[in-house]
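Report on the structure given below.
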Amino acid sequence: MYIRQKKSWELSENKVTPESVYLTRRKLIQQTGLAGFGLIMGSAPISAVPIGGFPPVRNTEYTLDRTLTSEQDATTYTNFYEFGSSKNIWRKAKKLNTDPWIVTIDGLVDYPIQIDAGELTKKLGGMEERLYRHRCVEAWSMAVPWAGFPLSNLVKFASPKIGAKYIRMETFFQPEIAPGQKQSWYPWPYVEGLTINEARNELAFLAVGLYGKPLPNQNGAPLRLVVPWKYGFKSIKSITRFTFTDERPRSFWELLSPKEYGFWANVNPWVPHPRWPQDRERMLGGGTIPTQLFNGYEKEVSYLYKNEYTNNKRELFY
Ligand code: MTE
């Protein structure tokens, strides 16, 4: 396993976390006791359980090379096309009712299930907080504390069959409360996908919280994906379905414009995009910095792509 040395310029944890929520990785694993989580079989929906565990415990393995974005910026400048194409949709998103929230896990799995998001997250171990960078293909970026669970815990919970190679994820479809979904030229519902190996990578995360609190609707309540080495559009919000499949999913943006939004969508400063620069990024709150390959997570994820590409890093975008 790669052991990361802290760089001199990195923000120290005690600048952003109260001491009371520190825990070492070891303690965290002891607390989560993942090995013991049980499986629920069958397909009957289960009654709603609130998502608990706040404030989350900071996992100090995940550090930043920049200052944290303010909560105000990260929660009022958002992309959620279901509520419109402007960044200022946070008021409109309040209409989404996220409790109860039934999540379906199906496809090539041993235990297809429909389960309330609160109940599901109780099955996924102890909640942890991670500081991650986020880079949108539109060339803006932020750095925020997500709370949630490794996606690999959900993969274990679902117990995929041998033939399952991908996970297809889907957002709700409720045009009566989400005005963007009345725009019929978009291929609703929003869909994204990962390979199973990407989903098992330690960085792939299912977030239920932000800044130590439950996720606000505009950031993808109650459950969203966070894959920080990929462009932000891969991090699908308000997930209602995880389907394990042997077919590569075709995502919302890929269906709309395959030349602009590929399946892999790994952050890559060397692959130009027709609309936005990819070699530099504008941080919410101020400042422009160079964009890094895999958004700076190359050591953690590059092994995933050895068989997918030649050695030419310029091909990694699509
Ligand atoms: N998920 C859904 N369902 N709908 C969306 O429009 N936008 C994506 C992604 N997930 C989007 C989505 C894009 S383009 C980005 S950059 C991120 O969410 C933005 O996440 P944030 O608004 O929490 O910063």
Side-chain angles (χ1 to χ4, degrees), residues 68-96 98 101 103 117 130-148 168-175 177-183 185-194 204-211 213-242 249 251-257 260-262 265-267 273 275-276 278 281-285 291 295:
L68 218 56
T69 303
S70 77
E71 182 176 351
Q72 170 77 10
D73 283 342
T75 57
T76 55
Y77 185 95
T78 59
N79 268 339
F80 205 165
Y81 276 70
E82 284 81 345
F83 295 97
S85 55
S86 118
K87 301 284 183 270
N88 184 18
I89 54 76
W90 61 272
R91 286 185 200 84
K92 286 187 188 158
K94 283 187 193 299
K95 283 204 177 150
L96 184 65
T98 62
W101 188 269
V103 176
R130 296 183 180 187
L131 305 178
Y132 275 172
R133 298 183 284 277
H134 173 101
R135 197 334 180 147
C136 178
V137 74
E138 297 164 345
W140 57 269
S141 68
M142 62 182 186
V144 295
W146 299 108
R168 178 185 183 278
M169 286 156 270
E170 193 175 292
T171 298
F172 66 86
F173 182 63
Q174 296 181 37
I177 56 112
Q181 292 188 325
K182 292 193 176 122
Q183 298 178 315
W185 57 91
Y186 286 116
W188 306 112
Y190 199 99
V191 166
E192 260 307 338
L194 294 176
F205 201 59
L206 272 183
V208 297
L210 191 58
Y211 296 94
K213 292 172 275 189
L215 272 178
N217 284 1
Q218 65 270 25
N219 293 99
L223 192 65
R224 75 172 281 172
L225 181 69
V226 181
V227 277
W229 72 99
K230 292 180 178 284
Y231 288 109
F233 65 84
K234 296 292 293 184
S235 291
I236 178 172
K237 297 179 172 182
S238 305
I239 303 171
T240 54
R241 179 174 229 123
F242 296 86
S251 75
F252 178 85
W253 291 110
E254 196 183 358
L255 284 168
L256 269 174
S257 183
E260 290 183 65
Y261 310 105
N266 293 312
V267 174
H273 188 277
R275 291 190 226 195
W276 301 283
Q278 297 308 327
E281 63 200 59
R282 174 180 62 84
M283 293 187 294
L284 295 189
T291 291
N295 201 18

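Remember, it's 1-based here, ligands and their atoms both numbered in the order they're listed.
Judged by distance alone, with hydrogens and angles left aside, the side-chain atoms of E254 form no donor-acceptor pair with the main-chain N or O of Y261 at under 3.5 Å. Looking at T69, its side chain never comes within 3.5 Å of a backbone N or O of A74 through a donor-acceptor pair. K87 places no side-chain N or O within donor-acceptor distance of the main-chain N or O of N79, the cut-off being under 3.5 Å.
In this structure, a donor-acceptor pair under 3.5 Å is present between the side chains of Y231 and Q278. R224 and S238 share no side-chain donor-acceptor pair at under 3.5 Å.
Looking at atom 17 (C) of ligand 1, its nearest protein heavy atom turns out to be G232 O, 3.5 Å. Of the protein's non-hydrogen atoms, the one nearest atom 4 (N) of ligand 1 is E82 OE1, 2.8 Å. Among protein heavy atoms, the minimum distance from atom 18 (O) of ligand 1 is reached at K237 CE, 3.4 Å. Y190 CE1, 3.3 Å is the protein heavy atom nearest to atom 5 (C) of ligand 1. Among protein heavy atoms, atom 14 (S) of ligand 1 sits closest to N79 ND2, 3.3 Å.
Within the structure, the closest approach of H134 to ligand 1 falls below 4.0 Å when heavy atoms are considered. Heavy-atom separations between M142 and ligand 1 include at least one value shorter than 4.0 Å.
Ion pairing of K95 with E82 is absent here, as no side-chain N (NZ or NE/NH1/NH2) approaches a carboxylate O to less than 4.0 Å. A salt bridge links K213 to E71: at least one charged side-chain nitrogen sits closer than 4.0 Å to a carboxylate oxygen.
Of all atoms in ligand 1, numbered sequentially from 1 with element shown, those under 4.0 Å from a heavy atom of C136 are 16 (S). Set against the non-hydrogen atoms of W140, the atoms of ligand 1 under 4.0 Å away are 16 (S), 24 (O). Each of the following atoms of ligand 1 lies closer than 4.0 Å to a heavy atom of N219: 21 (P), 23 (O). Close contacts of ligand 1 with T78, meaning ligand atoms under 4.0 Å from a residue heavy atom, involve 22 (O). Taking every non-hydrogen atom of T171 and a distance limit under 4.0 Å, the qualifying atoms of ligand 1 come out as 3 (N).
When M169, K234, E138, R224 are ranked by how near their heavy atoms come to atom 23 (O) of ligand 1, first place goes to R224. Taking each of S238, A178, S235, P189 in turn, the one with a heavy atom nearest to atom 10 (N) of ligand 1 proves to be S235.
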Test ring-ring contact (aromatic ring centres under 6.0 Å, His included) applied to W140 and Y77, step by step
CA-CA 10 Å; W140 57 269; Y77 185 95; 5.2 Å; yes
Kindly determine whether W253 and Y81 satisfy ring-ring contact (aromatic ring centres under 6.0 Å, His included), including the steps that lead there.
CA-CA 11 Å; W253 291 110; Y81 276 70; 5.0 Å; yes
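Using a 4.5 Å cut-off on side-chain heavy atoms (C-beta onward), V267 and W229 make no contact.
When non-hydrogen atoms are compared, ligand 1 lies under 4.0 Å from the backbone of Y81 as well as from its side chain.
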